[in-house]
Amino acid sequence: GSAVAQEDADGYITFDFSAAPIELKTGNHQVKVMADIIGGSGRTVTVGLRNSADFIVVDQDYGQPVRPTVGSSTFSAMDAGAQSVSSGTITYTKASDSPSGNVTDTASGVTLGKWTVKAFGESMKVENLRFAFVESDTAAVGARNGAVYLNGSQIGSTATLNSTSSSTAYTAYTFGSSFIVVPGSPATLEIRADIYDADGTDNIETDDTWIARIVDMDGLSNVQRMTSGSYTDGPDGAAVTANTLTVATGSLTVAKNGSYANQTVIDPKTAYKIGSATVTAGTTEGVNLTEIAVDFDQSSIATSDTSEPA
C-alpha cells in the first residue's frame, strides 16, 4: 500500500491494500507500522488496533471475511509498545546548491556557503553561531561585511568574517530570537561577504581558494529546546564546510573572425568592412569595453613610369 500523510480526524490511520491484496500464507507473520517522528519532545507514541474491524482479512477460497482473534481468545483492543520521543535535536548539512567554482575578486555580498538546518523533536532556537573560512595561502585575512542570512533575510549584525588563520580563527554572530527552526520546516542558512580584505589592503590574490564553514560549537550550549527548555550544542563534533570557491578576475580575448576571409577591393569604397574580430569575455564577470585601438599593416607597391618617350 501507499504511505499515509497523517491520521484522520478520528485519530485513525488507514492502509488500504484492496487494489493489490497481500496473501498471508500459513504460519506467523509480522506487521510493522513505520512513521517519521518530527515533533513531540517528551511525549509517547502508541499504535494499536481498537476492534476486530480494524484488521480486515478475506478468505482466499470462499471470499468471506475472517474474524481475527488474539491467540485462541476473542479479539480485544491491543496496543504496540509505547515509543518515547526524546529531547529535540538539530542538524546542519551543506545544501545541494551551495556555490562552487569562481568568485569575482572585489565582488560584494557573495554567498560563500549555504546549509540546510533541520529540527527534530521540538522547535529549536539557535542563539549564536561561529563562522570562518579557510584561505589557501593561510593569510590572516578577513572578508569585509560578513553577514548571516536565514531563508533569504539577514539575521544578526554585519561583521568582518575571519579566516581560520586570523588571530581569532572565527567570527561569532548572535541572533536573539530570530533563528528558530520548526520540525518539518527546514531552514536555509547562508554566510555572505565581500571578496575584499576588511583591513583595506585587499590582501587577496587571484587563484586563492576559500572554503566557508560553520565552526564546531561543541560544549557551547548555543541552541535552546523550545519545549523542554534545555540547551544543546549545534553543530556538535565537527565543523560543517561548504564548497571550494576560487578567486578570479575578469578576462577578455580577441581573435580573428575566421568567417570573414581576406578581401580584394577596388577603390574607392565607402564604409567598407576591412576586418572582423571576435571579442569574448571570461566566465568570471562581465567586462566593460570602453575603447578599441585599430592598427593597420600597410603594403606599399612601387610603380615605375612605363610611358613611351616623345
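Along the sequence shown, the residues carry numbers beginning at 1.
If you take NZ on Lys125 and CD1 on Ile90, they are separated by 12.5 Å, rounding to the nearest 0.5 Å. Arg144 CZ to Thr106 OG1: the interatomic distance, rounded to the nearest 0.5 Å, is 8.0 Å. Taking NE2 from His29 and CD1 from Ile22, the interatomic distance works out to 10.5 Å, rounded to the nearest 0.5 Å. Within the model, atoms OG1 of Thr244 and CG of Asn102 stand 11.5 Å from one another, a figure rounded to the nearest 0.5 Å. Atom OG1 in Thr209 sits 9.0 Å away from atom CG in Leu245 (nearest 0.5 Å). Atom CZ of Phe120 sits about 11.0 Å away from atom OG of Ser86, to the nearest 0.5 Å.
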Any chance you could lay out the side chain to side chain contact (heavy atoms under 4.5 Å, CB included) test for Glu127 and Gln224, step after step, and finish with the verdict?
CA-CA 7 Å; Glu127 296 184 350; Gln224 183 183 21; 3.8 Å; yes
Tyr149/Leu189 under side chain to side chain contact (heavy atoms under 4.5 Å, CB included): CA gap, chis, key distance, verdict:
CA-CA 6 Å; Tyr149 285 74; Leu189 179 67; over 6 Å; no
Kindly indicate, with the supporting measurements, whether the criterion side chain to side chain contact (heavy atoms under 4.5 Å, CB included) is fulfilled by Thr89 and Lys118.
CA-CA 8 Å; Thr89 59; Lys118 295 181 179 180; over 6 Å; no
Where do Leu112 and Leu161 land on the side chain to side chain contact (heavy atoms under 4.5 Å, CB included) test, with the steps shown first?
CA-CA 11 Å; Leu112 305 181; Leu161 177 63; 3.6 Å; yes
Audit row: Asp79, Arg50, salt bridge (charged side-chain N to carboxylate O under 4.0 Å, His left out) steps and yes/no:
CA-CA 8 Å; Asp79 291 325; Arg50 301 270 64 84; 3.1 Å; yes
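Within a 6.0 Å radius of OH in Tyr260, other residues, nucleotides and ligands contribute more than 12 heavy atoms. Residue Asp36 places its CG atom among 12 or fewer non-hydrogen atoms of other residues, nucleotides or ligands, all under 6.0 Å distant. No more than 12 heavy atoms of other residues, nucleotides or ligands sit less than 6.0 Å from atom CD of Gln60. Within 6.0 Å of CG in Asn262 there are 12 or fewer heavy atoms belonging to other residues, nucleotides or ligands. No more than 12 heavy atoms of other residues, nucleotides or ligands sit less than 6.0 Å from atom OH of Tyr62.
Although no hydrogens or angles enter the test, the distance criterion places a donor-acceptor pair under 3.5 Å between the side chain of Asn162 and the main chain of Tyr170. Formation of a donor-acceptor pair under 3.5 Å by the Ser123 side chain with backbone atoms of Val182 is not found in this model. A donor-acceptor pair is defined here as one N or O able to donate and one able to accept, closer than 3.5 Å; no such pair exists between the side chain of Glu23 and the backbone of Pro21. Side-chain atoms of Asp216 come within 3.5 Å of backbone atoms of Gly237 as a donor-acceptor pair (strictly under, hydrogens ignored). At distances below 3.5 Å, not a single donor-acceptor pair connects side-chain atoms of Asp10 with backbone N or O atoms of Tyr12. A distance-only check finds a donor-acceptor pair linking the side chain of Asp208 to the backbone of Glu205 [under 3.5 Å]. Checking side-chain atoms of Ser166 against main-chain N and O of Val141 turns up a donor-acceptor pair under 3.5 Å. Side chain of Asn243 to main chain of Ser98: a donor-acceptor pair is present (N/O by atom type, distance under 3.5 Å, no hydrogens or angles). Within the 3.5 Å criterion, the main-chain N or O of Thr160 finds a donor-acceptor partner in the side chain of Thr171. In this structure, Asn151 contributes its side chain and Ala187 its backbone to no donor-acceptor pair below 3.5 Å.
Every residue meeting the ring pair (Phe, Tyr, Trp, His ring centres under 6.0 Å) condition with Phe175, not counting sequence neighbours, appears here in chain and number order: Phe179. Scored by the side-chain hydrogen bond (donor to acceptor under 3.5 Å, both in side chains) test, Glu7 finds no partners at all (sequence neighbours excluded).
A 4.5 Å side-chain heavy-atom check between Thr74 and Thr69 finds every atom pair outside the cut-off. Two residues are said to be in side-chain contact when any heavy atoms from C-beta on lie closer than 4.5 Å; Met78 and Val70 meet this criterion. By the 4.5 Å heavy-atom criterion applied to side chains, Leu220 and Arg130 are counted as neighbours. Residues Val148 and Glu190 are not in side-chain contact: their nearest non-hydrogen atoms beyond the backbone lie 4.5 Å or more apart. Side-chain contact check for Gln64 versus Val58: every heavy-atom pair is 4.5 Å or farther apart.
For the residue pair Thr44 and Ser84, the shortest heavy atom distance occurs at CG2-OG, 3.6 Å. Considering all non-hydrogen atoms of both residues, Met217 and Gly234 come closest at CG-O, 3.5 Å. In this structure, Ser259 and Asn257 approach most closely via the heavy-atom pair OG-OD1, 2.7 Å. Residues Ser136 and Asp207 come closest through the heavy atom pair OG-O, 4.5 Å. Listed here is the closest heavy atom pair of Asp59 and Val66: N-CG2, 3.8 Å. For Ala140 against Ser165, the heavy-atom pair with the smallest separation is CB-O, 3.5 Å.
Side-chain contact annotation: Arg225 with Ser230, donor-acceptor N/O pair under 3.5 Å present. A side-chain donor from one of Asp194 and Asn145 sits under 3.5 Å from a side-chain acceptor of the other. For Asn128 and Thr174, the side-chain atoms include no donor-acceptor pair closer than 3.5 Å. With 3.5 Å as the limit, one finds a donor-acceptor pair spanning the side chains of Ser228 and Glu122.
Cluster annotation: Val103 is not connected to Ile211 through the hydrophobic network of ILVMFWY side chains, with a link wherever side-chain heavy atoms come within less than 4.5 Å. Hydrophobic clustering, with ILVMFWY side chains joined whenever heavy atoms are under 4.5 angstrom apart, keeps Val215 apart from Leu129. Hydrophobic clustering of Ile, Leu, Val, Met, Phe, Trp and Tyr side chains at less than 4.5 Å, counting indirect connections, unites Ile13 with Val47. Cluster annotation: Ile180 is not connected to Ile214 through the hydrophobic network of ILVMFWY side chains, with a link wherever side-chain heavy atoms come within less than 4.5 Å. Residues Tyr173 and Val110 share a single hydrophobic cluster, defined by chaining ILVMFWY side chains whose heavy atoms lie under 4.5 Å apart.
The side-chain tip of Arg67 does not point at the ring of Phe75 from less than 6.0 angstrom away and within 45° of straight on.
The aromatic ring centroids of Trp115 and Tyr92 lie 6.0 Å or more from each other.
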